[in-house]
Amino acid sequence: MGQDARTRADPDDPPGTGALTIRAVRAPQPPTIDAILDEPFWQEIEPVTDFRQRVPVDGAPSSELTELRVAFDENNLYFAIVLHDRDPAGIRRSILHREGRIDQDDNIRIGLDTYNDKRNAYIFEINPFGTQGDALITDESMTLSDWWWEGVYESQARITDEGWVVEAAVPFTTIRFADAEAPEMGILMERTIRRKNEMVYFPHIGQEFSRALSQVSQYATLTGLEGLRRGRYMEVKPFAITGRSVTGRQGETTGATETQNDLGLDFKYSITSNLTLDATVNPDFAQVEADNVQINLSRFSLFFQEKREFFLERAGLFDFGDPEETQVFFSRRIGITNDIVGGGRLTGQAGPLSVGALSLYTDDARDAAGRTIAGGLNSVLRLRADPLPRTTVGGIFASLETDEGGNRVVGGDAQFRFAGSSYLEGWVARSSDSGGFARDVAAGNPQTPGSLSSTGETTRSSTALSIASEIRSSLLSGGGGFTRIPADFDPALGFVHRRDMSRSEIGGSFFPRFEQSDWARQLVIVGQGERIKGLDGKKQSTFLLSHNMLTLESGHRVMVNITRRSEVLYESARIQGRELSPGDYVFSGAQIRFDTDTSRRFSARGGYSRGGFWGGTGTEAAIGGMWKTGPYLTLSGDYTRNDISLPVDNGDFTTSLFSMSVLAAVSRSLFANALVQYDDVSNVVQANVRINWIHTPGSDLFVVFDTGYLTGDLLDPRTERWQRRTGVVKLTYMKAF
């Protein structure tokens, strides 16, 4: 009789509360991670096989058998997964890039709630090549930036005559877990059968939850772990960088040349098994992927995602406020305009508290006009606790201290999750400036992050708040919220999209599934409305949206959106340099979009919209596509054109944005990507090429080329067309103890 790793439940536990368990079995010797399960102990473990569909038919048995086995030794947690498939030729695999869009392939995802706190988890994602992706879940929520975290683990996969097989080893130095003799962890496994667009889970998490992967409170329990090695959990990652940059200057026929040769160090140390210190000296982010160009046709600031590795692990712990709208801490405020000299970060658990603390010192810098952008000490302290199941309360303190003064923010928040994905949440925060610190925070005219102006001795304080709730079932949802952001609310380390406003919003959704249909998968109908007033009570904006999306069994989607919007301008404003007069503007529009299944060799996307725009008209047309020539080369391109007609002088104009992405790979350890972008607003062609060789797990050699070339007519013929030409080589080496 083999060792038992089957699921079981305590009869006293209610269903759907994590009662199911998997027992990990001690491995007599470390397995070779080769996706060949020839070690005898694997065959002695009885597998978990009770995988259930979430889509297309909620709760139905998986159409293909999946076998999950879990083992461990003192150093690693091991997974052996046999994914049966009656059509092995139909298994889709195309991604060799680590952290690529593995969701376009057949894949598995393993979720580990290592503290068994029912709210935080690590995600490990693997496709049939063994290509890795990983992410972090914080308080049962995820954002795009959570997928930029990179953990160190081994994986291998291969296709067989009966499907495909995965074997993986997650070192205990990669994950953090409770300091106990026999720690228990939450566990979930998700399998995607891409050609069927079928997703199956153990344990099953029903459609009453908006997302299964992030519902950590519903994970099964992993037991049987004991005798795990508790070393120093220390990682040292030195790097060396060399490069050369040529930057164009107004009025000069040749650019300024700068040669860079530098050293730096990243250091990670687990003070306890629950608390980790990250330190960095002279960090450099030359290898970070370039941002996608955005053309701003609004009055407000654009938002760009964080991609820098140092800020990504447990990044969700620092979240406070409304994502991409009002955030007390936005890590891109640090180190973009001012170089980071060094600092540290502390994350983890301290008794009942989740703790996040960060302190980094930045140097002074100069902007394009030669003005000083003051550096200083950037600090954040974030605390969270879980007083009741699925209930979180917390607080935050953020501070920027410079020679010109200081900016501080203190706040508190709470969230109560219930009945699936229903929730009630809210936050309040107060910002204050002291000394000569002040920034221009007029709505629609924020200065560059970190730029300061001396205004003499002053103290300015302001309080912002927000509350929101949603009730959700497997078929319907409804909710609303209220947000109040004063004009002077200014978190210097944060992001505020819009100030001097109180916003009330309400919305509802209807999302029936067609589980018996041969061609339709799900219809989503959303109605949403919001009204924004100034804090003086005067109307500013209204917005009504009807969003309708049909997803087909094939994976294709089509969307139709209808909007009605009003904007009141009490002062003139500018849209792409065109001045709009004060007045009450009302405009409506309609949009249609489509996306075809991205797991196929050829896929396409596009859309068309037309409607009123600030007293005139606006038309947008977009088209894009992707061609997977094979696992070694993928080409993708997008083109967007806006035709705008405003009732002002020179009000008729167009904007065009083109981007092309090239993904090339030799193997899972050697790959490259190139992003070429052009827009006719800046008239700059930008190209960013990044070659990455993972010479050992967690260690890389990067070769990066970044250029910008000014096209079009030049007002001054002496202007250098090359805005920048940069070449950088960066070598990192990570050693774990």
Side-chain angles (χ1 to χ4, degrees), residues 5 22 31-39 41-43 45-56 60-71 76-112 123-135 153-170 187-202 212-213 555 597-601 628 630-632 634 665 667-669 671:
I22 299 176
T32 302
I33 306 303
D34 55 7
I36 301 173
L37 308 183
D38 52 358
E39 291 84 5
F41 74 84
W42 281 132
Q43 306 310 316
I45 300 175
E46 192 164 351
V48 176
T49 59
D50 188 21
F51 285 77
R52 298 275 168 172
Q53 294 182 32
R54 177 175 163 91
V55 291
S62 172
S63 66
E64 305 287 353
L65 176 65
T66 304
E67 301 178 18
L68 168 64
R69 295 172 172 88
V70 185
N76 298 282
L77 190 59
Y78 300 107
F79 298 93
I81 306 159
V82 180
L83 303 112
H84 294 267
D85 197 313
R86 284 164 286 190
D87 180 17
I91 296 171
R92 295 185 179 176
R93 56 176 186 168
S94 61
I95 305 298
L96 285 169
H97 288 67
R98 197 188 195 291
E99 299 295 342
R101 287 298 305 273
I102 298 175
D103 60 317
Q104 297 175 2
D105 292 345
D106 281 56
N107 66 82
I108 61 104
R109 291 171 175 169
I110 298 168
L112 287 177
I123 301 298
F124 301 97
E125 180 183 45
I126 304 169
N127 75 354
F129 282 124
T131 305
Q132 299 175 352
D134 32 43
Y153 61 105
E154 289 186 76
S155 64
Q156 191 54 265
R158 65 186 180 95
I159 292 180
T160 70
D161 293 337
E162 298 180 349
W164 58 294
V165 179
V166 172
E167 197 170 18
V170 178
I187 186 170
L188 169 139
M189 189 185 126
E190 169 193 291
R191 176 187 180 182
T192 299
I193 307 171
R194 182 49 66 197
R195 73 179 182 281
K196 302 179 183 181
N197 289 310
E198 177 181 330
M199 301 180 73
V200 300
Y201 292 82
F202 175 84
L213 190 65
D597 183 7
T598 56
S599 71
R600 302 190 179 195
R601 185 173 185 181
K628 299 178 181 178
Y632 305 108
T634 297
S667 66
R668 286 173 47 199
S669 60
F671 46 87

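Looking at residues two or more places apart in sequence or on another chain, you find a side-chain hydrogen bond (donor to acceptor under 3.5 Å, both in side chains) between R98 and Q132, D134. For R101, the salt bridge (charged side-chain N to carboxylate O under 4.0 Å, His left out) test picks out D103, with sequence neighbours left out. For E99, there are no salt bridge (charged side-chain N to carboxylate O under 4.0 Å, His left out) partners, not counting sequence neighbours. For E167, the side-chain hydrogen bond (donor to acceptor under 3.5 Å, both in side chains) partners at least two apart in sequence or on another chain are W42. Applying the side-chain hydrogen bond (donor to acceptor under 3.5 Å, both in side chains) criterion to N76, with sequence neighbours excluded, gives Y78. Listed by chain and residue number, S94, N127 satisfy the side-chain hydrogen bond (donor to acceptor under 3.5 Å, both in side chains) test with D105 (two or more places apart in sequence, or in another chain).
Ring planes of Y153 and F124: perpendicular class, angle over 60° (limits at 30 and 60°).
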*In sequence, state the C-alpha distance, the side-chain angles, and the governing distance for R54 and E190, and then conclude on side-chain contact (heavy atoms from CB on, under 4.5 Å).*
CA-CA 10 Å; R54 177 175 163 91; E190 169 193 291; over 6 Å; no

Practice task
May I have the step-by-step check of side-chain contact (heavy atoms from CB on, under 4.5 Å) for L37 and V165, ending in yes or no?
Solution key: CA-CA 9 Å; L37 308 183; V165 179; 4.0 Å; yes

When you look at T49 and T66, which way does the side-chain contact (heavy atoms from CB on, under 4.5 Å) test go after all the steps? CA-CA 6 Å; T49 59; T66 304; over 6 Å; no

- Tell me, with the steps shown, if T131 and H97 meet side-chain contact (heavy atoms from CB on, under 4.5 Å). CA-CA 7 Å; T131 305; H97 288 67; 5.7 Å; no

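Inter-residue side-chain proximity for S63 and I193 is flagged as met; some heavy-atom pair is nearer than 4.5 Å. Looking at V55 and N197, their side chains never come closer than 4.5 Å, going by heavy atoms from C-beta outward. In this structure the side chain of I187 reaches within 4.5 angstrom of the side chain of L112, judged on heavy atoms. At a threshold of 4.5 Å between non-hydrogen side-chain atoms, the residues R69 and V48 do not count as touching. F79 places none of its side-chain heavy atoms less than 4.5 Å from the side chain of V166. Within the 4.5 Å cutoff, the side chain of F202 has heavy atoms near those of the I22 side chain. Residues Y201 and F51 have side chains not in contact (no heavy-atom distance under 4.5 Å, counting atoms from C-beta outward). Side-chain contact between I126 and R109 is absent, with no heavy atoms from C-beta onward closer than 4.5 Å.
The closest donor-acceptor contact from the side chain of K628 to the backbone of R93 lies at 3.5 Å or more, if one exists at all. Under the 3.5 Å distance criterion, the side-chain polar atoms of S62 are left unmatched by any main-chain donor or acceptor of L65. Checking side-chain atoms of S155 against main-chain N and O of G130 turns up a donor-acceptor pair under 3.5 Å.
Minimum interatomic distance between L96 and A665 (heavy atoms only, all atoms of both residues): CB-CB, 3.7 Å. Summarising the geometry of F129 relative to I95, their closest heavy-atom pair is CD1-O, 3.6 Å, with the distance given to 0.1 Å. Nearest heavy atom pair, residue R194 against residue D597, reads CD-OD1, 4.5 Å. When every heavy atom of L188 is checked against every heavy atom of A212, the shortest pair comes out as CD1-O, 4.2 Å. Of all heavy-atom pairs between R191 and H84, the closest is NH2-O, 2.9 Å. Across every non-hydrogen atom of P128 and I91, the tightest pair is CG-CG2, 3.7 Å.
The CD1 atom of I81 sits 5.5 Å away from the CG atom of L68 when rounded to the nearest 0.5 Å. Rounded to the nearest 0.5 angstrom, T634 OG1 and R601 CZ are separated by 10.5 Å. Here the CE-CD distance, from M199 to Q53, works out to 11.5 Å after rounding to the nearest 0.5 Å.
No hydrogens or angles considered: nothing links the side chains of T192 and E198 as a donor-acceptor pair under 3.5 Å. Judged purely by distance below 3.5 Å, without hydrogens or angles, the side chains of T32 and D34 never pair a donor atom with an acceptor atom.
Between E64 and K196 there is a salt bridge, since at least one side-chain N of the basic residue sits less than 4.0 Å from a carboxylate O of the acidic one. Residues R195 and D85 are paired through a salt bridge, judged by an N-O separation under 4.0 Å between the basic side chain and the carboxylate.
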